[in-house]
S.K.: 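Pasting a structure here, questions to come.
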Amino acid sequence: QVQLVESGGGLVQAGGSLRLSCAGSGLTFSTYIMGWFRQAPGAEREFVAAINWSGASTRYTDPVKGRFTISRDNAKNTMYLQMNSLKPEDTAVYYCAKRRVPFSTLNDPSTEELYGYNAWGQGTQVTVSS
């Protein structure tokens, strides 16, 4: 079965950086769009970023544009999220997720929706102190 495991979360001061990783197994990793979502306390889980199956195209939510970079290494079945200039409002549990359909496109509106994904990691906590 598909397994996604996040790592790299932690506590960091505002303005600092963290790099999250998501290791996948049980899937043909290189054929799926992969995404990052986050959930702050008391809030809905929200889209952060997604990357297409080859790594050539990316998509971000506006609040993280210019600060976060999503990337992937298909040879290692791993996706990354480099987070720079972190702000207290970035505090959340971060989840990686696998798109439902292989070789889908980032232009599809469901790229930013929870229902567009059918496998999730357990999450990693990111806490940004002010």
Side-chain angles (χ1 to χ4, degrees):
Q1 69 276 19
V2 176
Q3 200 167 23
L4 301 173
V5 179
E6 303 96 338
S7 61
L11 173 64
V12 64
Q13 286 190 327
S17 298
L18 281 174
R19 189 195 197 201
L20 306 183
S21 299
C22 170
S25 59
L27 74 160
T28 308
F29 188 83
S30 61
T31 66
Y32 289 93
I33 284 174
M34 298 294 294
W36 286 101
F37 287 73
R38 66 186 180 186
Q39 188 166 17
E44 300 282 324
R45 192 173 298 189
E46 64 178 4
F47 171 78
V48 175
I51 187 166
N52 80 327
W53 53 273
S54 70
S57 298
T58 58
R59 181 166 171 170
Y60 298 92
T61 188
D62 284 346
V64 309
K65 285 179 180 176
R67 300 189 298 121
F68 291 11
T69 302
I70 189 172
S71 62
R72 67 191 297 163
D73 184 341
N74 287 337
K76 296 181 178 179
N77 282 8
T78 301
M79 174 178 65
Y80 305 97
L81 186 68
Q82 178 67 44
M83 304 185 295
N84 298 330
S85 302
L86 282 161
K87 304 175 181 181
E89 51 263 44
D90 295 318
T91 295
V93 177
Y94 283 71
Y95 299 89
C96 67
K98 163 196 160 291
R99 200 76 165 87
R100 286 187 180 275
V101 179
F103 299 115
S104 51
T105 67
L106 289 175
N107 291 337
D108 190 320
S110 63
T111 296
E112 298 193 5
E113 303 297 336
L114 300 180
Y115 67 79
Y117 298 80
N118 64 350
W120 297 82
Q122 82 290 349
T124 186
Q125 176 71 48
V126 171
T127 303
V128 184
S129 63
S130 57

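Scope of the values below: all heavy atoms of this structure, side chains included, with no hydrogens, waters or symmetry mates.
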S.K.: Under the criterion side chain to side chain contact (heavy atoms under 4.5 Å, CB included), which of T91, L20, V93 is the partner of V126?
M.R.: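 Exactly one candidate clears the test, L20.
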S.K.: What distance separates K87 NZ from S130 OG, expressed to the nearest 0.5 Å?
M.R.: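 One gets 14.0 Å once the value is rounded to the nearest 0.5 Å.
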S.K.: Between L106 and L114, is there shared hydrophobic-cluster membership here, with clusters defined by ILVMFWY side-chain heavy atoms closer than 4.5 Å?
M.R.: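 Linked, L106 and L114 end up in one cluster.
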S.K.: As an exercise, state the distance from OG of S25 to CD of Q1, rounded to the nearest 0.5 Å.
M.R.: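 So the OG of S25 and the CD of Q1 are separated by 8.0 Å.
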S.K.: Kindly say whether A14 contributes a backbone atom to a donor-acceptor pair with the side chain of D90 at under 3.5 angstrom?
M.R.: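 Between the backbone of A14 and the side chain of D90 there is no qualifying donor-acceptor contact (under 3.5 Å).
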S.K.: Please check if the side chain of Q39 supplies one atom and the backbone of A92 the other of a donor-acceptor pair under 3.5 Å.
M.R.: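 No; zero donor-acceptor contacts below 3.5 Å.
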S.K.: Closer than 3.5 angstrom, by distance alone: can the side chain of N52 be matched with the main-chain N or O of G55 as a donor-acceptor pair?
M.R.: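 Between the backbone of G55 and the side chain of N52 there is a qualifying donor-acceptor contact (under 3.5 Å).
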S.K.: What closest approach, in Å, do M79 and G35 show between heavy atoms, and which atom pair accounts for it?
M.R.: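 Distance-wise, the nearest heavy atoms are CE-O, 3.4 Å.
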S.K.: Checking Y117 side chain against T111 main chain: does a donor-acceptor pair fall under 3.5 Å?
M.R.: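 Looks like yes, one N/O pair under 3.5 Å.
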S.K.: Are any side-chain N or O atoms of S110 and backbone N or O atoms of G116, one a donor and one an acceptor, separated by less than 3.5 Å?
M.R.: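 Judged by distance alone, no pair lies under 3.5 Å.
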S.K.: Quick check: is V64 connected to M34 through a chain of hydrophobic side chains (ILVMFWY, heavy atoms under 4.5 Å apart)?
M.R.: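 M34 clusters together with V64.
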S.K.: Heavy atoms only: give me the nearest S85-R67 pair and the separation to one decimal.
M.R.: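 Between these two residues, the closest heavy atoms are O-NH1, 3.0 Å.
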S.K.: As an exercise, state the distance from CZ of R100 to CG of D108, rounded to the nearest 0.5 Å.
M.R.: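 The distance works out to 12.0 Å.
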S.K.: Kindly work out whether a path of hydrophobic side-chain contacts (I/L/V/M/F/W/Y, heavy atoms less than 4.5 Å apart) joins I51 to V2.
M.R.: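 They do share one cluster, since a chain of ILVMFWY contacts under 4.5 Å joins I51 to V2.
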S.K.: Going from OH on Y80 to OG1 on T69, what distance comes out if it is rounded to the nearest 0.5 angstrom?
M.R.: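 Output value for this atom pair is 14.0 Å.
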S.K.: Of all heavy-atom pairs between A119 and L4, which one has the smallest distance, and what is that distance?
M.R.: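 Closest approach of A119 to L4, heavy atoms only: O-CD1, 3.5 Å.
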S.K.: Search all heavy atoms of V5 against all heavy atoms of Q122 and return the closest pair with its distance.
M.R.: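 That closest heavy-atom pairing would be CA-OE1, 3.7 Å.
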S.K.: Donor-acceptor check, side chain of R99 to backbone of T105, threshold 3.5 angstrom: yes or no?
M.R.: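 Checked: no pair found.
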S.K.: For L86 and L18, work out which heavy atoms get closest and say how close.
M.R.: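 So the minimum-distance heavy-atom pair works out to CD1-N, 3.9 Å.
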S.K.: Side chain of E6, backbone of G123: donor and acceptor closer than 3.5 Å?
M.R.: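 Yes: the side chain of E6 pairs with the backbone of G123.
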S.K.: From S71 OG over to R19 CZ, what is the distance, rounded to the nearest 0.5 angstrom?
M.R.: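 Answer rounded to 0.5 Å: 6.0 Å.
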S.K.: How far apart are the closest heavy atoms of I70 and Y60, and which atoms are they?
M.R.: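 Closest pair (atom of I70, atom of Y60, distance): N-OH, 2.8 Å.
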S.K.: Please round to the nearest 0.5 Å and tell me the distance separating atom OG of S30 and atom CG of D73.
M.R.: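 S30 OG to D73 CG: 11.0 Å, rounded to 0.5 Å.
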S.K.: Identify whether F29 and I33 are in the same connected component of the hydrophobic contact network (ILVMFWY, side-chain heavy atoms under 4.5 Å).
M.R.: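 Different clusters.
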S.K.: Does this structure show an ion pair linking D62 with K65, if we count only N-O contacts that are shorter than 4.0 Å?
M.R.: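 Here D62 pairs with K65 in a salt bridge, since their nearest N and O are under 4.0 Å apart.
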S.K.: Indicate, with yes or no, if the rings of W120 and F37 have centres closer together than 6.0 Å.
M.R.: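 W120 vs F37: aromatic centres under 6.0 Å.
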S.K.: Side-chain heavy atoms nearer than 4.5 Å, only ILVMFWY residues, links allowed to pass through others: does that put M83 and W36 together?
M.R.: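 In one cluster with M83: W36, yes.
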S.K.: Please determine whether the number of non-hydrogen atoms from other residues, nucleotides or ligands lying under 6.0 Å from atom CD of Q3 exceeds 12.
M.R.: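 No, not enclosed.
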S.K.: Are any side-chain N or O atoms of E112 and backbone N or O atoms of F47, one a donor and one an acceptor, separated by less than 3.5 Å?
M.R.: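 No; judged by distance alone, with no hydrogens or angles, the pair does not exist.
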